[in-house]
Amino acid sequence: MKTHQIGKTNVHVTDLSFGCSGIGNLYRDIPEAEAAEVLACAWQAGIRYFDTAPHYGRGLAEQRLGSFLKGHARDSYVISTKVGRLLSPGQPIAGADGFINPLPNDVRYDYSGDGIEAAFEQSCERLGTSYIDIIYVHDIGTYAHGAANERHFNDLMATGLDRLQKLKDAGRIGAFGLGVNETQVCLDVMAACDIDVILLAGRLTLLDRQGEDELVPLCEARQTSLVLGGIFNSGILATGPVEGAHFDYAPASAEILSKVTALQARADEIKMPLATVAMQYALYHPAAASVLLGTGKVSSLKRNLDALDAPWPEDANWVFDAI
C-alpha cells in the first residue's frame, strides 16, 4: 500500500486508512470480538493508519483500538485521534449521538489549551500510548456549534493551537490539524496559522466539491495534507438515489437526488457501481494523502477494498470534472 507524507512532518500514512466510528458502536452494538476482527482485517489488507476519536462511543473506539494495537510495534502504525471533547465519568446510558451502549462518560466541549491537553492525555491512556501521530481539532466550526462556535473558536485561537504546537515540539504528537465537516473554518484557521493536515469529511467527494475552490489550492500552497472522510456523503453515494437516501445525515433533497441520478447514469455508462466510482474518485484525487474507510463489518470492509482494486476505465476521468 502506498504511503504519503503528512505536511512537512515525519508522519507518513497509508493511502487507505481505517475509520473507527463503527467499532465505537455507531448505530449498532458490536461485540468486542467483532471489533477486533474488523481491525485485524484492515491490518491484513495493509492498512497502517487508524483514525479514532473520544466522540466514538465516548471513548469505546479508542479503547478497542488500543487493545488491538498492543500486539504490534509502535512504529509499525499511525494513529490519529481528536480533541475538543473532554470526557469525565458519568452514568451508563443506552445511547448517545448515534452510538449504542457507549462507555459511561459525560462529555463537554473544550477547545482551550488546558482542555485540549487534558483530552490528549485521556486519549493516550485509552489507546495505551504516550505518543499520538496526528491530533485533529474535532468539529470546530458553525456546522457543529452554530452561534456557540464563536466562543469555541476564540478558545482555540487564544490557547488551543499553541498548546498543540507545544505538544508537537515536545515530541508527544507528530502532526496536528482539523477534523471537520466544513471548509470555511479551515480557511479561517489557515488565515491565522499553519497546520499540518485536515481531515475533511464529506466536502471533497464525487458529489460535494466544496473543498475544490479555495481549500485545495490553499492546502497545496501551504503543504497542508488532506485526509478524506465521509466519501459517501453519509450514504447516498453508496445506495444511489433511492427513496430514503441520506445526504449529510438527513434525507436527501430533490436537488441532491437529481445530482446523484445524473452521477448514477454516468457510472452505469462505464459499468461501475456508483459506490466504487465514489471511492476511486477519493483515492485518485491528487490532493488526497489518505482515504478513510469506516465500518464495523468485515464484509463491508472487504467489499470496499475489492472495489478499490477494480480497474479504472480510461473513459472514467469525467469524475474529476465539475458537476
Side-chain angles (χ1 to χ4, degrees), residues 18-31 34-35 38 51 53 55-57 60-61 93-102 139 141-146 179-183 199-211 228-283 285 291-308 310 316 318-319 322-323:
F18 185 81
C20 293
S21 60
I23 65 166
N25 288 353
L26 183 62
Y27 304 136
R28 70 185 187 98
D29 196 349
I30 297 175
E34 191 174 338
V38 73
D51 174 71
H55 179 52
Y56 304 157
L60 180 62
I93 53 175
D97 304 314
F99 294 92
I100 308 303
N101 292 326
D139 287 342
T142 56
Y143 182 91
H145 298 298
V180 294
N181 296 69
E182 61 177 284
T183 59
L199 196 175
L200 187 64
R203 299 297 172 258
L204 194 58
T205 72
L206 182 67
L207 174 60
D208 190 326
R209 311 289 179 92
Q210 289 183 42
L228 302 186
I231 60 174
F232 297 128
N233 284 119
S234 76
I236 194 164
L237 288 178
T239 64
V242 299
E243 184 178 353
H246 276 63
F247 171 78
D248 269 8
Y249 313 106
S253 67
E255 179 185 6
I256 292 297
L257 287 169
S258 177
K259 286 185 176 182
V260 177
T261 298
L263 289 171
Q264 180 71 70
R266 299 298 297 273
D268 292 343
E269 288 174 8
I270 59 172
K271 297 180 173 59
M272 291 184 77
L274 182 62
T276 299
V277 178
M279 284 188 285
Q280 296 209 12
Y281 165 86
L283 183 64
H285 197 289
V291 176
L292 279 175
L293 300 177
T295 179
K297 294 182 178 180
V298 169
S299 58
S300 297
L301 180 58
K302 287 182 174 179
R303 183 175 64 247
N304 289 342
L305 291 169
D306 288 344
L308 285 166
W318 59 266
V319 302
I323 57 173

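With values rounded to the nearest 0.5 angstrom, Asp208 atom CG is found 13.5 Å from Ile231 atom CD1. One finds the NZ atom of Lys297 at 12.0 Å from the CG atom of Asn304 (value rounded to the nearest 0.5 Å). Rounded to the nearest 0.5 angstrom, Leu207 CG and Phe232 CZ are separated by 12.5 Å. Atoms CG and CG, on Leu200 and Leu228 in that order, are 7.0 Å from each other to the nearest 0.5 Å. Between the CD1 atom in Ile256 and the OG1 atom in Thr261 there is a gap of 11.0 Å [rounded to 0.5 Å]. With rounding to the nearest 0.5 angstrom, the CD1 atom of Ile23 is 7.5 Å from the CG atom of Leu60.
The two residues Glu182 and Tyr143 have their closest heavy-atom pair at OE2-N, 2.7 Å. Looking at every heavy atom in both residues, Ala275 comes nearest to Ala238 through CB-CA, 4.0 Å. Here the shortest heavy-atom pairing between Ala307 and Met279 reads CB-CE, 3.3 Å. When all heavy atoms of Ala61 and Cys20 are compared, the pair lying nearest together is CB-O, 3.4 Å. The shortest non-hydrogen separation linking Ile30 to Gly22 is CD1-O, 2.9 Å. Across every non-hydrogen atom of Ala310 and Thr276, the tightest pair is CB-CG2, 4.4 Å.
For the pair Val277/Leu206, a side-chain contact is recorded, criterion being any heavy-atom separation below 4.5 Å from C-beta on.
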Ignoring hydrogens and angles, write down the donor-acceptor pairs under 3.5 Å from the side chains of residues 241-251, residues two or more places apart or on other chains.
{"unit_1": "His246", "atom_1": "ND1", "unit_2": "Gly244", "atom_2": "O", "d": "3.0"}
{"unit_1": "Asp248", "atom_1": "OD1", "unit_2": "Arg203", "atom_2": "NH1", "d": "3.3"}
{"unit_1": "Asp248", "atom_1": "OD2", "unit_2": "Arg203", "atom_2": "NH2", "d": "2.7"}

* side-chain contact (heavy atoms from CB on, under 4.5 Å) assessment of Lys302 paired with Ser299 -> CA-CA 5 Å; Lys302 287 182 174 179; Ser299 58; 6.0 Å; no
* **Intermediate values then yes/no, side-chain hydrogen bond (donor to acceptor under 3.5 Å, both in side chains), Asp29 and Asn101** => CA-CA 7 Å; Asp29 196 349; Asn101 292 326; 2.7 Å; yes
* Given side-chain contact (heavy atoms from CB on, under 4.5 Å), test Leu204 with Tyr281 step by step and report yes or no. => CA-CA 9 Å; Leu204 194 58; Tyr281 165 86; 3.9 Å; yes
* For Leu293 and Leu308, run side-chain contact (heavy atoms from CB on, under 4.5 Å): C-alpha distance rounded to whole Å, both residues' side-chain angles, the deciding distance at 0.1 Å, then the answer. => CA-CA 11 Å; Leu293 300 177; Leu308 285 166; 3.9 Å; yes
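Using modelled atom types, no side-chain atom of Arg28 and backbone atom of Asn25 make a donor-acceptor pair closer than 3.5 Å. A distance-only check finds a donor-acceptor pair linking the side chain of His145 to the backbone of Asp139 [under 3.5 Å].
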